[in-house]
Amino acid sequence: MTISGAAASAPRWRLVAREGEDVVITTVDADLDVTHVQRRPRERWWDADDAGTRWVWSETNRWYPGILATPSLVARCHDLRLAHAILRRSALVADADALRAATQWDVAGKEEAQPLTAPTLFDVEGTSPAGVPDDPEEVLAEFRRQQLAIRGSSNAARLRLLVAAESAGALLAVEMHSAGVPWDRRTHERILEETLGTRPSPGEQPERVREAAQRVRAALQDPSANLDSQPKLLRSLHRVGISAESTNRWELAEYDHPAIAPLLVYKKLTRLMSANGWGWLDEWAADGRFRPVYVPGGVVTGRWASSGGGALQIPRQLRPAVRADPGWTLVVADVAQLEPRVLAAMASDDALAGAARGQDLYEGIVNSGVVRTRQEAKIAVLGAMYGATTGDSGRLVPALRRAYPRAMGLVDAAATTGEQGGVVSTWLGRTSPRATAQWRDVQAAAALPEATESDRTRARRAARDRGRFTRNFVVQGTAAEWALAWLADLRGRLAALPPVGANDAARNSAAVFERRPHLAFFLHDEIIVHTPVVYADAVADAVRQAADGAARLLFGRFPIDFPLDLRVAQDAAKS
DNA sequence: AATAATTGCGCG
DNA sequence: AAAGCGCGCAATTATT
C-alpha cells in the first residue's frame, strides 16, 4: 500500500493480461525481453504493489477498480490505450506506422467512459462497446511497439514523461471517482431553498421561478407566454418591441424593457434548477459523495473531460456544498494564470517570465508598462492565446506582441501552421489532429482558377478557425501537461503519508480513502484534497512542493513561477 | 418514436 | 460588455 518515492532508474515492467479464467503476469526487462511469466486465478491475482514496478495494462479503467477494492493502491502504471492515442499521432515519433496499423487500440474519444462502479475486476468486462485487447500476446506486442516508438522518437525523455503523467492521471481518475467529492446535502438544499424556494412537488415550479415567470408575462402582457422555448420567447419579445436576434443573456441585457430583468432572473433560476437542482442532488450526491466519471485525455488538447453529473461545470454558487467530513478539512488550490506562465516557459520568454514573477502575472504586465490596467492585461493575454482579432482584445494584442515577441512568436507560429493545414505539438509531444479531409477540400476548392469569391471566403474562414485552434492547442495542451505533472507528484507525496487510525478490518474500497488524505477533485488548474485535519499543513506543503516539482520537471531551470492560490477550509467556497 | 441538431449556459 | 480556445448537459425543435 505504501508508494515508494524511490526513483526507479530501471523500472520493472509487469504486464497484466487475461487468458481464460486466469490473469497472466509477464515481466519484461529493459531490452523488452520476457524474463518471467506467471499465471494466477483471477479472483485473487493481486497481492501487493512493489516499489519500482510499473504495471502495464490495456486500460486503467478496466484493471484498477478491482485492485482498489482489495483495497490497494497502485504506484505506477502504463495505460496502453492512452499511450497509444498519444504516440500514434505524435509528431515526435519518427515511425508510427506500426502503431497506426494496430487499430484495435483506437477507441473513439467520446465512448471511452467506462462504468467504474464494479466491485470486482471483471464485472466491467464486456461493458465496453469498443474494448481494447486484453490477451497476453497482444498486450506484449503493443507494449513493444510503444516502447520502440518512444525510443526511436526525437525526444524520448519528453514522451516518456508524457506517457507516465497520462497514466498517473488515469490512476487518479479512478481513485477520485472511488473517493468522491465530499458533498453536504443540507448545504446544497439550503442554497436551493434560498435561491428557488422550497422544493416543489413533481411537475410544479418552485415559488421564485413562478414569481419571475409571472413578472415576465405581465411585462410582456401575455399571460401564456412560453419562456422555455427559444423561438416562442423570441416572438413574444418581438411583439413588445424587443428586436433581439437571440435570447442569450448578453444580448437581452442590452435592451431596456421591464420584461428583461425578470427574464434574466428566470433564466438564472431555471438553469440552476435543471442543471443542479433537487433532481441532481438525488441522482448524484445522495450518499454524501459526488462521484463524477473523469475521462483523462478526453479532450484533444490532453485536458480531461468528464461524463455524468456535469463534474466540470459545478457552479461556483454550489461550492459551499463541497464540505469536509467531521475531523477532516479541505486543501483547495488553484494556479494563478497557468496558461500564460506555461507559454512564457515554452517560449523561453524572459520578459514575460519576469512579469510572471510573483503572484499576479497581469499586474506584472501592467508594471512593465505594456498596458494601463490589469483588466486590459487580462483581456490582451486571453486574446493572444485564443486568437482574438476584434474588439478590445484584438486592439490590445499588438502591444503584447511588441513586449513579448518570443511568447507571441510561439503562438503566432502555431496559428500559421494550423492555417496552412499542419499539425502542432505540446511541450511534451502531444500532437494536434491532422486537418480533416473536408477542411483540405475547402482549401483546395478555393485554390482552383474557377473558385468563386465565396469559396475563397469560406476557405479563409476555415483556415483562420483552424489557426485559432492550433494556436490555443500548444498552450492549453502544455498547461494540461503541467497540471498532470502536478497531480502525479502530489499523488506520490500523499501516498507517502501514513494512514490515520487503525481500522484494519475495513475491507471495502472506500476504506482506502477513509484513512488517508486524497485528491477529491481536479479541474484543469485547480485541485481539492480531502484530508484529516492533522495532515492539513503537511498536505498544503505537499501541494506547493508538487507545483514546484512540476515546474522543474517540465521546464528545468528556466525561471518561471507557478504561484498557487491555496486555502485550507471546511468548505470549498471561494474566500 | 427515436435520433440529430440547435440554443443557451455552466466551468477552465 | 462578451470577443477569441476547450468542454458537458438540458431543453427544445428538426429530421428521420
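Proteins come first, then strands; the chains are lettered A, B, ... in the order of their sequence lines, and each starts at number 1. Since we're looking at a predicted model, the values are computed, not measured. Every heavy atom of this structure was used, including side-chain atoms; hydrogens, water molecules and symmetry mates were not.
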Separation of A:Leu237 atom CG from B:dT7 atom P, in whole Å?
16 Å
Describe, in one word, how the ring planes of A:Trp482 and A:Trp486 are oriented to each other, choosing from parallel (under 30°), tilted (30 to 60°) and perpendicular (over 60°).
tilted
Are A:Lys232 and C:dT13 close enough that a side-chain N or O sits under 4.0 Å from OP1 or OP2?
yes
Write down the distance between CH2 (A:Trp280) and C1' (C:dG8), rounded to a whole number of angstrom.
14 Å
Starting from P on C:dA11, measure out to CG on A:Asn226 and report it in whole angstrom.
13 Å
Between B:dG10 (P) and A:Gln317 (CD): distance, integer Å:
10 Å
Is the glycosidic torsion of C:dG4 within 90° of 0, making it syn, or is it anti?
syn
Quick check on the helix from B:dA1-C:dT16 to B:dG12-C:dC5: what's the angle between its two end axes, five base pairs per end, to the nearest 10°?
10°
Closest to the side chain of A:Arg271, out of C:dC9, C:dC7, B:dG12, is C:dC9
Using a strict threshold of under 4.0 Å (side-chain N to carboxylate O), is an ion pair present between A:Asp412 and A:Arg471?
yes
Look at all strands and tell whether A:Arg471 reaches a base, only sugar-phosphate, or nothing, counting heavy atoms closer than 4.0 Å.
nothing
Students often mix this up, so state it plainly: with edges at 30° and 60°, are the rings of A:Trp183 and A:Trp280 parallel, tilted or perpendicular?
tilted
Is the number of heavy atoms from other residues, nucleotides or ligands within 6.0 Å of CZ (A:Arg372) greater than 12?
no
In whole angstroms, the gap separating P of B:dG8 from CG of A:Leu269 amounts to 18 Å
Nearest heavy-atom contact between A:Tyr64 and A:Glu175 is OH-OE2, 2.5 Å
Does B:dG8 have its OP1 or OP2 closer than 4.0 Å to a side-chain nitrogen or oxygen of A:Lys267?
no
Short side-chain N/O contact to B:dG10 OP1/OP2 from A:Arg249, under 4.0 Å:
yes
Specify the closest pair of heavy atoms between A:Pro206 and A:Met273, including all atoms of both residues, with the distance to one decimal.
CD-SD, 3.3 Å
OP1 or OP2 of B:dG8 less than 4.0 angstrom from a side-chain nitrogen or oxygen of A:Gln230, does that happen here?
yes
For the pair made of CD1 in A:Ile527 and C1' in B:dG12, what is the distance, rounded to whole Å?
15 Å
One character per nucleotide, please: for nucleotides 1-6 of chain C, 5' to 3', B when the base has a protein heavy atom closer than 4.0 Å, S when only the sugar-phosphate does, - otherwise.
BBBBBB
Which part of the nucleic acid does A:Thr270 contact within heavy-atom distance under 4.0 Å: base, sugar-phosphate only, or nothing?
nothing
Got a sec: does the CZ of A:Arg434 have more than 12 other heavy atoms crowding it under 6.0 Å?
no
What integer distance in Å separates A:Ile528:CD1 from B:dC11:P?
14 Å
A:Arg89 with A:Asp106: basic N within carboxylate O range, under 4.0 Å:
no
Just call it for A:Glu339: base, sugar-phosphate, or nothing, with non-hydrogen atoms closer than 4.0 Å on any strand.
nothing
note: A:Glu245, atom CD; B:dG8, atom P; distance rounded to Å ~ 11 Å
Check whether any side-chain N or O of A:Ser229 sits under 4.0 Å from OP1 or OP2 of C:dA11, and answer yes or no.
no
When every non-hydrogen atom of A:Pro182 is compared with those of A:Leu330, the smallest separation belongs to CG-CD2, 4.1 Å
Closest listed nucleotide, where the reference is the side chain of A:Pro231 and the choices are C:dT13, B:dG12, B:dG10:
C:dT13
If you look only at distance, which donor and acceptor atoms sit under 3.5 Å apart when one is on a side chain in residues 189-198 of chain A and the other is two or more places apart or in another chain?
{"from": "A:Glu189", "atom 1": "OE2", "to": "A:Arg185", "atom 2": "NE", "distance (Å)": "3.0"}
{"from": "A:Thr195", "atom 1": "OG1", "to": "A:Ile191", "atom 2": "O", "distance (Å)": "2.6"}
{"from": "A:Thr195", "atom 1": "OG1", "to": "A:Gln317", "atom 2": "NE2", "distance (Å)": "3.2"}

